[in-house]
Amino acid sequence: MAQAAAVAKPPAPPRRRRASATPRRLPYLLIAPAVLLMLGFIAYPVISVFYYSLQNYNPTKPWRNGFAGFDNFVHAFTDDPLFWDTLVFSAKWVVVEVGLQLLFGLALALIVNQTFAGRGLGRAMVFSPWAVSGVLTSAIWVLLYNSQTGITRYLADMGIGSYGTSWLSDTGTVFWAAVVADLWRGVPFFAILILADLQSVSKDLYEAAEVDGASRIKQFWHITLPHLKDAIILSTLLRAVWEFNNVDLLYTLTGGGPAGVTTTLPLYIANTSVDAHNFGYASALTTVAFVILLFCSIVYLRLSKFGGENK
């Protein structure tokens, strides 16, 4: 009986080892501490504000604490005239401050972008106010506005105004006095961002424009400004949010006075929570401010076409 010839089978390929899951998880493990910190320091406070906005929470009156629903929001929009006054002043403060800071910051950036002797020192002097804190800035300007030793004293010595005048205690001058103080600190922010973007503009564009006979104004309008579009949009948005939330300078400089004419919405929120201990209502006002900033930011970015091509 003939034996069937055995068919040689090829050796089985070696089994591939299962890739370890550790290298794929390693990036997530490395960023996990930072994510947990962000959740702890950002997400939790935000959620807490939304929670307390629906509560009556005043530690000094615990018998009134409890669920309030939307009563805090209804009170803000219907029964609290200070809410509307502070909101209107906040809008005025943001528009004036951001507009002037952008104008002067752009001018300074164009100046220090030129080549001249001592340019490094000039840039350092222009940018140095941005390194000063808001409280220290207000302390400096409180001394400058002091009626006995400040600017008004020297103006009175020259026959301008009268002795004992305080611009911070006069409702007719306190707004512009505060504006000037904040301009001193805020203008360098725009100058820094705009200067950084200016230095990336190709010199060939300006040389070609000069060959075509374009004036300095036309070069600025058709080359510089289109190139600075995104930098201006981003800087104005950031600064508008910061100015809206400005508390340290106005609180130290004017305390919201005189007669509450310089009280912004965030300063009103701070007074409501810290002084009046009405944390539930203050949380509701904070939520309203958050929604306003979010809505205005989205609309501004859409209308300005941030990140789009310049035509």
Asker: List in chain and number order the residues that pass side-chain contact (heavy atoms from CB on, under 4.5 Å) with I192, two or more places apart in sequence or in another chain; answer none if no residue qualifies.
Answerer: F127, W130
Asker: State which residues pass ring pair (Phe, Tyr, Trp, His ring centres under 6.0 Å) with W242; sequence neighbours excluded, sorted by chain then number.
Answerer: F189
Asker: Name all residues meeting the side-chain hydrogen bond (donor to acceptor under 3.5 Å, both in side chains) criterion together with Y145; count only those two or more places apart in sequence or in a different chain, and write none if there are none.
Answerer: none
Asker: Looking at residues at least two apart in the chain, or sitting in another chain, which of them share a side-chain hydrogen bond (donor to acceptor under 3.5 Å, both in side chains) with T262?
Answerer: T254
Asker: Side-chain contact test, heavy atoms from C-beta onward, threshold under 4.5 Å: evaluate it for T263 versus L82 and give yes or no.
Answerer: no
Asker: Are any side-chain N or O atoms of N245 and backbone N or O atoms of V241, one a donor and one an acceptor, separated by less than 3.5 Å?
Answerer: yes
Asker: Counting distance only, does the side-chain N/O of R64 pair as donor-acceptor with the main-chain N or O of N58 below 3.5 Å?
Answerer: no
Asker: Quick one: side chains of residues 201-216, donor-acceptor pairs under 3.5 Å with protein atoms, not counting sequence neighbours, listed by atom name and distance.
Answerer:
from : atom 1 : to   : atom 2 : distance (Å)
S202 : OG     : D204 : N      : 3.3
Y206 : OH     : T224 : OG1    : 2.7
S215 : OG     : K218 : N      : 3.4

Asker: Can you run down the side-chain hydrogen bond (donor to acceptor under 3.5 Å, both in side chains) pairs that involve residues 284-303, sequence neighbours left out, and say none if there aren't any?
Answerer: T236-Y300
Asker: Let's go through T137 and L249 carefully: what are the C-alpha distance in whole Å and the side-chain angles of both, what is the deciding distance for side chain to side chain contact (heavy atoms under 4.5 Å, CB included) to 0.1 Å, and is it a yes or a no?
Answerer: CA-CA 7 Å; T137 298; L249 186 137; 3.9 Å; yes
Asker: side-chain hydrogen bond (donor to acceptor under 3.5 Å, both in side chains): which pairs involve residues 67-84, sequence neighbours left out?
Answerer: D80-Y268, D80-Y281
Asker: Which donor-acceptor pairs under 3.5 Å do the side chains of residues 39-52 make with protein atoms, sequence neighbours left out?
Answerer:
from : atom 1 : to  : atom 2 : distance (Å)
S48  : OG     : Y44 : O      : 2.8

Asker: With a 6.0 Å cut-off (strictly less than), is the heavy-atom count around CZ of F295, excluding the residue itself, greater than 12?
Answerer: no
Asker: Among all residues two or more places apart in sequence or in another chain, which pass the ring pair (Phe, Tyr, Trp, His ring centres under 6.0 Å) test with F244?
Answerer: none
Asker: Can you name the salt bridge (charged side-chain N to carboxylate O under 4.0 Å, His left out) partners of E243, sequence neighbours left out?
Answerer: R239
Asker: Would you indicate whether I217, at its atom CD1, is surrounded by more than 12 heavy atoms from other residues, nucleotides or ligands within a distance under 6.0 Å?
Answerer: no
Asker: Has the side chain of R153 got a donor or acceptor atom that lies under 3.5 Å from a matching backbone atom of Q148?
Answerer: yes
Asker: For S273, what residues pass the side-chain hydrogen bond (donor to acceptor under 3.5 Å, both in side chains) criterion, not counting sequence neighbours?
Answerer: none
Asker: Name all residues meeting the side-chain hydrogen bond (donor to acceptor under 3.5 Å, both in side chains) criterion together with N56; count only those two or more places apart in sequence or in a different chain, and write none if there are none.
Answerer: none
